[in-house]
Each structure stands twice: as C-alpha cells, then as structure tokens.
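Here is the structure we will look at, set down as structure tokens.
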Amino acid sequence: MRVILTGGGTGGHIYPALAIAQGLLARDAETQILYVGIRDGMEARLVPEAGLAFAGISGKGLPRKLSLDMIKVLGKSVKALWETKNILREFHPDLVVGTGGYVSGPVVLTASLFNIPTLLHEQNALPGITNRLLARVVRRVMVTFPESIAHFGVKKKLELVGLPVRPEIGKVSREIGAKHFGLRPDRMTLLVTGGSRGARTLNQAMTTVLEYLAQHSNIQVIWATGKITYGETIEEFEKRGISWKRPGWRILEYLNDMPEALACSDLYIGRAGAASLAELMVAGMPSLLIPYPYAAENHQEHNAQALVQAGAARIILDSELDGGRLGKEVNELISKPTLLAKMGAAARTLAQPQALNKIVDLCKATAWH
Ligand SMILES: CC(=O)N[C@H]1[C@@H](OP(=O)(O)OP(=O)(O)OC[C@H]2O[C@@H](n3ccc(=O)[nH]c3=O)[C@H](O)[C@@H]2O)O[C@H](CO)[C@@H](O)[C@@H]1O
C-alpha cells in the first residue's frame, strides 16, 4: 500500500500523522509512506527525524484580516496545488490521509479531484477550518470526540476513532526515561511544556516557581520552553541570579523525546492541546493544565475539562496564572503522592488505546490496494 500523510503547522497535527505512519508500518512493513508538508514548517524537521520520506510544498496559512499578504498567500496556494499534482503523479498513492493544518488543504483537495481515496483525522472537539472545508470532498472523516459530529455537515462519513498517540508512549519504564535525561528515577520530577510552540505566560510563572523550589526542595524538572521563548526564559533566570544548568533541571527549547519524558515524570504542567492530553491519558499522568485562551472557541479549556471532571487534572486559567498561583498548586500536588497516583489512574481510564488500530483498519478498508 502506498500512503501519503499530510498535516502540519503545529505538533498537534504532526504527531497524530506520525503515529498513523508507525501504525501502518507495524501492520505491514512493506507500506510505502510519503509525508507531504510545508517546506519550512515544523513538519520539515520532525518528519525526517522520525525516519520518514518527506516532500515539501509551498504554503502559508491565510491571514485572518484582508491585506496585501493575502495575494502572496493565494499565489503560494496555487503553487502548492501544482506541486501536489506532481507529487501525486510521481508517487501514485493508494490513499491520502490528512490530519489538519494548512498543508492538508491543497494535498487532500487535489487527491480528491484525482479520485484518490482520502481520509481526514480531526483531533479537536471543534474541527479546524481546513478539515471542515475538506470534509465535503473526502471519503471518510475520523473524529476524536463525539461532539465533533455536530460540527461537520457530513454525518454519514464520520467515524469515531479517538486520537492516535505515538506507540512508545506509556511503554517506556521510569528508569529508562530518567536515564535518558540523566536524571534520578527516585526523585519527584515535573514535566513542563507549553504545547509544541511554547507558552510565554507559563514560562514566566514557572521561572518564579523554580526559583522557590530550588531553595526548598530537590525536585527535578524537564521543561520545554518553546523555541521562540527559550532565550528570554534563560535571560530571566540569569537576571534573577539563578543557575539554570543544575544536575536535576533540563531546560530545553523542545523535547524530541516525549515518551521518555512522560515515563520519568510525576506531574505534567502545561497547555491543553488535544494531542498532549491524549498522551497524558495513555501515560496515566496527573496534570495541572493552563488552557491556551486564544484557541478557537476556547477549545483547549473544553479539552481540559474532560480530565478535570474525571479527577485527573487541575486547571488554572491563563488570566489567573502567575508564579504565586502556580506555585501554590504545584506545592500542594507534589506534597500529596497518593493524590497524584489517584489522578494518574483517573487519566488512564480516559485513554483510547484502540484509536491507532481503528485508524489503520480504516486506512486498509479505504485504500485502493
Ligand atoms: C495554540 C493552538 O491552537 N494549539 C493547538 C495545537 O496545539 P499543539 O501543537 O501545541 O498541540 P498539542 O498539545 O495537541 O500537541 C503537541 C504535540 O507536540 C508534542 N511536543 C510538544 C512539545 C515538545 O517540546 N515536544 C513534543 O514532542 C506533544 O507531545 C504533542 O504530541 O494543536 C492541537 C491539536 O490540533 C490543538 O488542540 C491546540 O489547541
């Protein structure tokens, strides 16, 4: 089977596509996979690192307001359609699967025009704009939440499958995870991320929390600040005279090794993107969630509430976030290991471990060969 996967812009669209690639290859090692993404998008780095073939096309998301940029974007979109056509001609896919983000648009649309079988996966309860438009032309739409069904005008095509996570998540031992990061497996460890792009407000609050914890505990931390805000976070530590290169602290731009990080951590502190939350569920990880307040229709808060209601997470609104508030919650949670264990078990009850299998089944059933 020859499969094109496409999805990009943020980790939340890319990792589900990478998980699908792993699922297809695990079922049939002969599967030929090509990932199509934007040439300078996040996927251009992550996909080759995952060992998959990558083809880059032109592209840029549409600006939200009318401007001259719109003309440039439209020009790139026409180019992207042309480039996609050439890729499809050369690769001859039996199936094209889109996981959202701007790049899915030209790729899935062109494939549908050529009558190639197409599938979409939607990670959020509230579908993104690209997937909403493409739903009309694809064969099937796979969704994570039952609530999405009402937002797509194509009920008959919908399949409830859940969100596929990388197969290694939940399978790495604490010892191996800790060794990977050069940390001690017997110490309480925090995992902090602002999603695939980082979160400035969280980084600022977290700096204050770590300043306090450095003096009052030997807690360990794995913290991905995000590429854009890494420099200013390090500067802030230096301004406060705090040494951030400690044996128990790993402060990085980005984590390429989330399965290991989840394996050796006791509490996740971060944004509430759908893919991250699905990983917390599979890993049985308690969390302190700070939903991104500007996500379309506030969908991250909605995502977070599912975990809060199950007793798996606590929530702090971004508008209420500061070092004091975050520190109070963190201090309370790390002083109650039994509560953390209970929250982790509650997270695990929400996991959808069959999501990847269901998706691979649908790929097989939809593809030409
Ligand atoms: C601001 C915004 O609109 N964010 C959206 C975006 O977020 P974002 O891309 O942050 O999405 P998620 O939190 O869902 O997923 C992030 C993914 O990146 C991985 N990761 C993250 C940081 C890191 O250092 N290393 C790493 O591997 C996580 O393990 C996860 O697999 O897509 C999600 C899924 O469509 C949406 O729910 C989010 O609302």
Side-chain angles (χ1 to χ4, degrees), residues 7-20 22 41-43 45-47 49-50 61 64 98-104 120-132 142-145 147-148 162-170 172 181 191-203 221-230 233 250-263 265 268-283 285 287 289-307 318 355:
T10 68
H13 297 306
I14 301 165
Y15 287 104
L18 293 180
I20 295 173
Q22 280 177 281
M42 205 178 204
E43 57 272 23
R45 176 177 74 81
L46 293 179
V47 173
E49 277 177 11
R64 296 201 183 264
T99 55
Y102 167 78
V103 67
S104 288
L120 287 183
H121 183 269
E122 174 55 58
Q123 298 85 40
N124 297 291
L126 182 82
I129 179 84
T130 313
N131 275 356
R132 244 186 271 194
M142 305 179 284
V143 297
T144 303
F145 298 100
E147 297 97 294
S148 306
L163 200 153
V165 304
R166 288 168 270 179
E168 312 86 66
I169 287 183
V172 181
F181 283 99
L191 171 58
V192 187
T193 95
S196 61
R197 297 193 168 262
R200 178 169 281 125
T201 47
L202 172 61
N203 290 345
V221 65
I222 301 173
W223 176 6
T225 63
K227 208 170 170 185
I228 300 169
T229 41
Y230 180 76
T233 307
R250 297 290 171 272
I251 303 179
L252 311 154
E253 283 184 9
Y254 190 80
L255 280 172
N256 288 313
D257 18 34
M258 198 54 95
E260 287 79 6
L262 284 163
S265 300
Y268 168 94
I269 303 168
R271 290 289 190 217
S276 295
L277 298 196
E279 292 165 1
L280 297 179
M281 294 168 191
V282 171
M285 171 73 58
S287 56
L289 301 174
I290 304 109
Y292 176 60
Y294 307 110
E297 297 190 35
N298 204 14
H299 72 244
Q300 286 208 357
E301 191 176 331
H302 183 272
N303 291 346
Q305 284 301 346
L307 280 137
D318 197 79

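Each ligand, and each atom within it, is numbered from 1 in the order the structure gives. Since we're looking at a predicted model, the values are computed, not measured.
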Should one rank [options] by closest heavy-atom distance to [atom], which comes out on top?
atom                    : options                : result
atom 13 (O) of ligand 1 : Ser276, Pro291, Ala295 : Ser276
atom 8 (P) of ligand 1  : Gly273, Gly194, Ser196 : Ser196
atom 6 (C) of ligand 1  : Leu191, Thr10, Thr193  : Thr10

Consider every N or O of [X] and every N or O of ligand 1, then say whether any pair is closer than 3.5 Å.
X      : value
Glu253 : no
Asn256 : no
Ala275 : yes
Ala224 : no

Exercise. Looking at Tyr254, does the NZ or CZ of Arg45 lie under 6.0 angstrom from its six-membered ring centre and within 45 degrees of the ring axis?
Worked result: yes
Exercise. Is ligand 1 less than 4.0 angstrom away from at least one heavy atom of Arg271?
Worked result: no
Exercise. How does Glu279 reach ligand 1, if at all, at less than 4.0 Å between non-hydrogen atoms: by side chain, backbone, both, or neither?
Worked result: side chain
Exercise. With a 4.0 Å heavy-atom cut-off (strictly under), which part of Asn124 contacts ligand 1: side chain, backbone, both or neither?
Worked result: side chain
Problem set entry | Interfacing atoms of ligand 1 (cut-off 4.0 Å, heavy-atom, Tyr292) | 1 (C)
